[in-house]
Amino acid sequence: MALIVQKYGGSSVADAASIKRVAKRIVDTRRAGHDVVVAVSAMGDTTDELLDLAHQVAPIPAPRELDMLLSSGERISMALLAMTIHSMGFEARSFTGSQAGMITDSHHGSARIVDVTPVRVREALDEGAIVIVAGFQGFNRDTRDITTLGRGGSDTTAVALAAALNADVCEIYSDVDGIFTADPRVVPNARKLSTISSEEMLELAANGAKVLYIRAVEFARRHNVLIHARSTFSSNEGTYVLGEGQTLPHNLEGAAMEEPIVAGVATDLGQAKITVAGVPDVPGKAAEIFKIVAKSGANVDMIVQNVSAAATNRTDISFTVPKSDAAVALRALAADQAEVGFENLVHDDQIGKLSVVGAGMRVHSGVSATLFEALSTAGINIEMISTSEIRISVVLRADDIMVAAKAVHTAYGLDSETEAIVHAGTGR
Ligand code: ASP
Ligand code: MG
């Protein structure tokens, strides 16, 4: 008998029929003899709808009240799910985040979990109940207020519960079959991975892959929680995300055999490029520029500085930020133009970022050559390059990103013979 934590995303509980399907799955797990704790997201697009409503009544909704509002989405789905399980003849008990002991800091809208005290969860389990916990929310001890964990936070709820309860596995259900070597909507013959290391998963998630949330993967890595990302719509095995030194349960050992150099290709169309042109090439200018950008709150990703022109001793510095941060960064830089002494600013939001991630890069050479070769053969121009120990990223024209992703995917031998099945819309 194992203790299994399951997380169901919004698309898995979008309506009564879906809730019944999920309930059946939970009951089947219980019937197999396991203890089950479920973290559940709000139904379908509930969170977005509640956010819309809030903005209709107030231009800048009060953060405390916004959390009161948004946390209600998960309370609806948890109660409906518990009722459904009841009607199937099983004991089920739902708890809000605070009842379940999800203690967070006081940061409304993006609270971090600081402690989990699942006393009532354990009691309910001991009494033989299936436990349903509202995802995405917690409680701060100082303010005594309800908090939310940020969009997609139910993944983190599930992993944190799994860690606190010392669960055998944390199953994260969504409408995709697992972690793929690329987004199947971009690369149709992407392949489902049976395992991926948590460090690779973190790099993929940080660079545009949307299957799992970064915070949840980080939490799992820190607390040694085994994640199994799988689909609500099939009973197939999904993808196991393995932390350092973590191994698969014995019955699944065969799955860990494959160890490709490259685990996957991620694409991100959410970034913009800002070029600060004609910067005097003297010490301290980069520091000035990035201090201004940092103060604006914009989150810088890639940076490139050109060789300065001999005639003018001026250079161009380009960097990327999330599209939503571009305006504040540009405004801040423009305000200090005279002081820094640069010539002008160029804003370009038609870029795409492509990243190749693989732990095998540490020991294999030629990984970047394969990437550049594939792009060159496809006739695609590279605008920026950055690397980490296990990742190479390039910035391209946004229009080129689909063709580039397919070409690169093929070049690393990642293509599967069949097309991946995409069940529903969003991947969540
Ligand atoms: N309902 C929240 C959201 O849509 C949390 C979650 O789905 O994980 O972001
Ligand atoms: Mg959601």
Side-chain angles (χ1 to χ4, degrees), residues 5-15 18-19 22 26 37-55 61 63-82 94-100 102 104 107-113 116 132-139 146-163 170-176 179 201 205 208-220 225 227-233 238 241 270 322 324 423-428:
V5 173
Q6 300 184 331
K7 180 260 171 175
Y8 293 95
S11 62
S12 301
V13 291
D15 51 28
S18 317
I19 290 175
V22 162
I26 295 167
V37 176
V38 176
V40 69
S41 290
M43 295 171 69
D45 297 325
T46 302
T47 308
D48 289 310
E49 286 158 15
L50 292 173
L51 263 174
D52 281 352
L53 258 178
H55 284 104
R64 178 187 184 278
E65 303 310 326
L66 196 57
D67 275 356
M68 290 300 256
L69 180 72
L70 296 187
S71 60
S72 70
E74 271 71 9
R75 292 183 63 160
I76 294 173
S77 47
M78 75 175 193
L80 287 170
L81 188 53
S94 68
F95 295 106
T96 65
S98 55
Q99 287 176 317
M102 307 295 302
T104 71
H107 244 99
H108 285 296
S110 59
R112 285 191 178 261
I113 296 169
V116 184
I132 317 288
V133 176
F136 169 63
Q137 55 185 271
F139 175 80
I146 303 291
T147 53
T148 63
L149 308 180
R151 297 309 305 270
S154 303
D155 285 9
T156 318
T157 303
V159 172
L161 279 168
C170 180
E171 300 181 332
I172 299 200
Y173 287 90
S174 72
D175 54 15
V176 294
I179 317 290
M201 190 62 237
K210 293 185 190 72
V211 190
L212 291 177
Y213 279 84
I214 296 180
R215 277 199 189 177
V217 181
E218 278 170 351
F219 204 105
V225 173
I227 291 181
H228 183 191
R230 57 192 306 194
S231 166
T232 316
F233 300 92
V241 183
S324 51
H423 295 287
T426 59
R428 294 304 305 165

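Counting starts at 1 for both ligands and their atoms, following the listed order. Below, each value reflects all heavy atoms present in this structure, side chains not excepted, and no hydrogens, waters or symmetry copies.
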Next on the checklist: Using a 3.5 Å distance criterion without hydrogens, assess whether the side chain of S77 forms a donor-acceptor pair with backbone atoms of S41.
Outcome noted: yes
Checklist entry - So is G153 close enough to ligand 1, meaning a heavy atom under 4.0 angstrom away? => result yes
Next on the checklist: Test your reading of the structure: does T47 have an N or O sitting under 3.5 Å from an N or O of ligand 1?
Outcome noted: yes
Checklist entry - For R112, which residues count as a salt bridge (Lys or Arg N to Asp or Glu O under 4.0 Å) partner, sequence neighbours excluded? => result none
Item to check | Ligand-residue contact atoms, ligand 1 with R151, heavy atoms, under 4.0 Å | outcome: 3 (C), 4 (O), 9 (O)
Next on the checklist: Within the 4.0 Å heavy-atom shell around G152, which atoms of ligand 1 are there?
Outcome noted: 3 (C), 5 (C), 6 (C), 8 (O), 9 (O)
Checklist entry - Listed by chain and number, what are the side chain to side chain contact (heavy atoms under 4.5 Å, CB included) partners of A134, not counting sequence neighbours? => result E74, M78, Q137
Next on the checklist: Using every non-hydrogen atom in the two residues, find where T147 and F139 come nearest and quote the distance to one decimal.
Outcome noted: OG1-N, 3.6 Å
